[in-house]
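Below: one structure, written as structure tokens.
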2 protein chains.
Amino acid sequence: MDSSATYRFVIADDHPLFRGALKEAVGKLFGTAEVFEAGGFDDLQSLLEREGDMDLVLLDLAMPGVRGFSGLLYLRAQFPGVPVVIVSANEEPGVIRRCMEFGASGFLPKTLGVDVMRGAIRTVLEGGVWTPPDIDLSGGTDAETRDLVGRLSTLTPQQVRVLMMLSEGLLNKQIAYELKVSEATVKAHVSAILQKLGVESRTQAVIAAAKIEAGQWPRPLN
Amino acid sequence: MDSSATYRFVIADDHPLFRGALKEAVGKLFGTAEVFEAGGFDDLQSLLEREGDMDLVLLDLAMPGVRGFSGLLYLRAQFPGVPVVIVSANEEPGVIRRCMEFGASGFLPKTLGVDVMRGAIRTVLEGGVWTPPDIDLSGGTDAETRDLVGRLSTLTPQQVRVLMMLSEGLLNKQIAYELKVSEATVKAHVSAILQKLGVESRTQAVIAAAKIEAGQWPRPLN
DNA sequence: CGCCGCATCATCCTTAAGTCGAATGCGACC
DNA sequence: GGTCGCATTCGACTTAAGGATGATGCGGCG
């Protein structure tokens with residue numbers, strides 16, 4: 001089998017209908033494409049662990065089990081070699097920009113036409129990056145947030161995992177158990193995270209992380 | 001001077017124009033009313049400390065120095081005797097409901113007519129509670145959040161202050177310094193907070209508190 | 001007045017958190 | 001191959017966090 005011709009995709013979206021449609025659309029792009037589906041973040045995770053390298057993951061930002069960008073950040077950390085294209089109903093420039101900053105290879109608004117999507121996916125498969133045209137990717141975010149995003153992207157895969165568990169309020173001991181390492185190791189990771197984020201305690205770290213997730217959308221509360 | 005006839009108000013809003021208009025509107029309600037203004041939360045705070053009992057505070061939810069409901073919660077904790085009426089551009093039922101749960105005496109959407117506002121303020125001054133008509137105050141919020149709101153409202157004034165400082169990532173030592181009490185006292189408060197919120201660590205406490213502030217508005221991010 | 005809730009503080013103890021130094025392993029680069 | 005950097009791992013040590021107990025003062029309330 002010619003491996004260069006057989007692409008392997010994952011479509012991760014909690015909406016089965018949309019998943020199916022997307023599968024149809026991209027499946028016909030290449031005759032020999034192998035398309036996997038994941039309905040939740042856990043599915044996606046075990047799929048990637050089981051199946052090994054993928055050529056592309058199409059990820060819905062609003063998947064069950066993920067709040068916002070964490071999923072993307074986590075994926076990029078855990079499987080640095082797998083390109084991720086975000087598929088989202090939201091097309092605010094700020095969201096798109098943030099996704100690209102977190103290492104996405106592309107951003108597909110769900111409102112896009114099938115033909116455009118195909119072109120975009122082709123671009124990414126060839127190693128490129130695709131974002132919607134007529135979108136202003138520059139500026140917009142406040143300096144503090146931008147700084148924090150930069151800091152977050154310096155975290156190593158394991159550190160991202162630890163930070164996400166910190167944000168769930170877990171103890172070092174619990175994190176150690178989950179990751180199957182010693183508590184000393186977790187502490188080392190936490191220390192590194194604190195340094196990289198420029199904060200002084202785990203509590204401040206989760207506050208900083210929470211800011212990224214919820215912080216700066218056009219505030220709906222007042 | 002007849003104290004029962006001289007009402008003392010505070011108008012707290014960061015928008016000077018609106019503050020002025022509101023002052024005009026309520027000032028003429030009673031000939032002898034004394035109206036104070038505050039452009040920021042710190043102003044409001046020092047004003048209340050300096051001037052003592054007020055008959056009413058008109059508080060904008062989106063004031064500088066306050067994120068969301070903390071301001072209300074804090075005011076109600078620090079000055080339990082002063083009725084607070086929220087004035088907000090936002091009129092989502094969820095927000096209104098939350099305000100009332102946190103002890104507001106009324107909620108005035110900024111879109112309200114002057115005459116209606118006057119009636120509402122009169123109602124509150126007579127010890128009543130006023131919310132916009134044709135608003136569904138029941139249901140809506142998920143059980144978890146409602147539970148948490150209930151727990152938060154059992155916190156004592158000082159505990160609210162401590163919780164807000166926890167949410168800023170301060171150490172017990174720093175909180176002790178700010179509040180001019182010993183670290184032992186802070187620890188006592190923290191322990192009480194953890195119990196009341198039903199969590200096990202300061203980090204989980206700030207996560208819980210953050211959920212209330214940003215958590216469950218109709219999600220704008222995707 | 002006595003009771004109770006709130007706030008304050010101390011002491012002792014256990015556990016969690018965080019820092020420091022250091023070892024290992026792995027991939028990149030010369 | 002050797003070396004450099006980096007991620008991951010870990011143990012020892014220091015400091016912070018949190019629980020338990022007990023105690024004091026103060027203001028409201030039946």
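Quick caveat, the model's predicted, so the values are computed rather than measured. Scope of the values below: all heavy atoms of this structure, side chains included, with no hydrogens, waters or symmetry mates. Residue numbers begin at 1 in each chain, while the letters A, B, ... track the order of the sequences.
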Exercise. Indicate, with a heavy-atom threshold strictly under 4.0 Å, whether A:Thr156 touches base, sugar-phosphate, or nothing.
Key: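 Counting heavy atoms under 4.0 Å across all strands, the contact made by A:Thr156 is with sugar-phosphate only.
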Practice problem: Tell me what A:Ala188 touches on the nucleic acid: a base, only sugar-phosphate, or nothing, going by heavy atoms under 4.0 Å. | Solution: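 Here A:Ala188 touches the bases of the nucleic acid.
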Side-chain N or O of [X] versus OP1/OP2 of [N]: is the shortest distance under 4.0 Å?
X	N	answer
A:Ser182	D:dC10	yes
B:Thr185	C:dA7	no
B:Asn172	D:dA17	yes
B:His189	C:dT8	yes
A:Lys173	C:dT15	no
A:Gln174	C:dA16	no
A:Gln158	D:dT9	yes

Crowding at [atom1], [X] (>12 non-hydrogen neighbours, <6.0 Å):
X	atom1	answer
A:Gln174	CD	yes
A:Gln195	CD	no
A:Glu34	CD	yes

Rounded distance in Å - [atom1] ([X]) to [atom2] ([N]):
X	N	atom1	atom2	answer
A:Lys180	D:dT9	NZ	P	12 Å
B:Glu200	D:dG19	CD	C1'	12 Å
A:Leu163	C:dG18	CG	C1'	16 Å
A:Glu183	D:dT8	CD	P	19 Å
B:Gln159	C:dC6	CD	C1'	9 Å
B:Leu179	C:dA7	CG	C1'	11 Å
B:Leu197	D:dG18	CG	C1'	15 Å
A:Gln204	C:dA17	CD	P	15 Å

Quiz item: Pick the nucleotide of DNA chain D nearest each of A:Lys196 and A:Ala184; which residue has the one closer to the 5' end?
Solution: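 The residue whose closest nucleotide sits nearer the 5' end is A:Lys196.
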Practice problem: Taking only the side-chain heavy atoms of A:Ser191 (C-beta and beyond), determine which of C:dG18, D:dA16, D:dG18 contains the nearest atom. | Solution: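 Nearest listed nucleotide: C:dG18.
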Quiz prompt | Nearest-nucleotide pick for B:Leu194, side chain only, options being D:dA16, C:dG18, D:dG19 | solution =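 Out of D:dA16, C:dG18, D:dG19, the nucleotide with an atom closest to B:Leu194's side chain is D:dG19.
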Quiz item: Hey, is the main chain of B:Lys196 close enough, under 3.5 Å, to the side chain of B:Arg151 for a donor-acceptor pair?
Solution: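 Judged by distance alone, yes, a pair lies under 3.5 Å.
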Exercise. Report the residue (B:Val181 or B:Lys187) whose heavy-atom-nearest nucleotide on DNA chain C is the more 5′ of the two.
Key: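 Upstream on the strand: B:Val181.
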Exercise. Tell me which of B:Thr154 and A:Val190 sits closer to the 5' end of DNA chain C, going by the nucleotide each one is nearest to.
Key: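 That would be B:Thr154.
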Quiz item: Do you know which two heavy atoms are closest between A:Leu171 and A:Arg202, and how far apart they sit?
Solution: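 Heavy atoms only, the tightest pair is CA-NH1, 4.3 Å.
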Quiz prompt | A:Val186 side chain near A:Val181 side chain, heavy-atom distance below 4.5 Å | solution =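 SC-SC contact between A:Val186 and A:Val181 confirmed.
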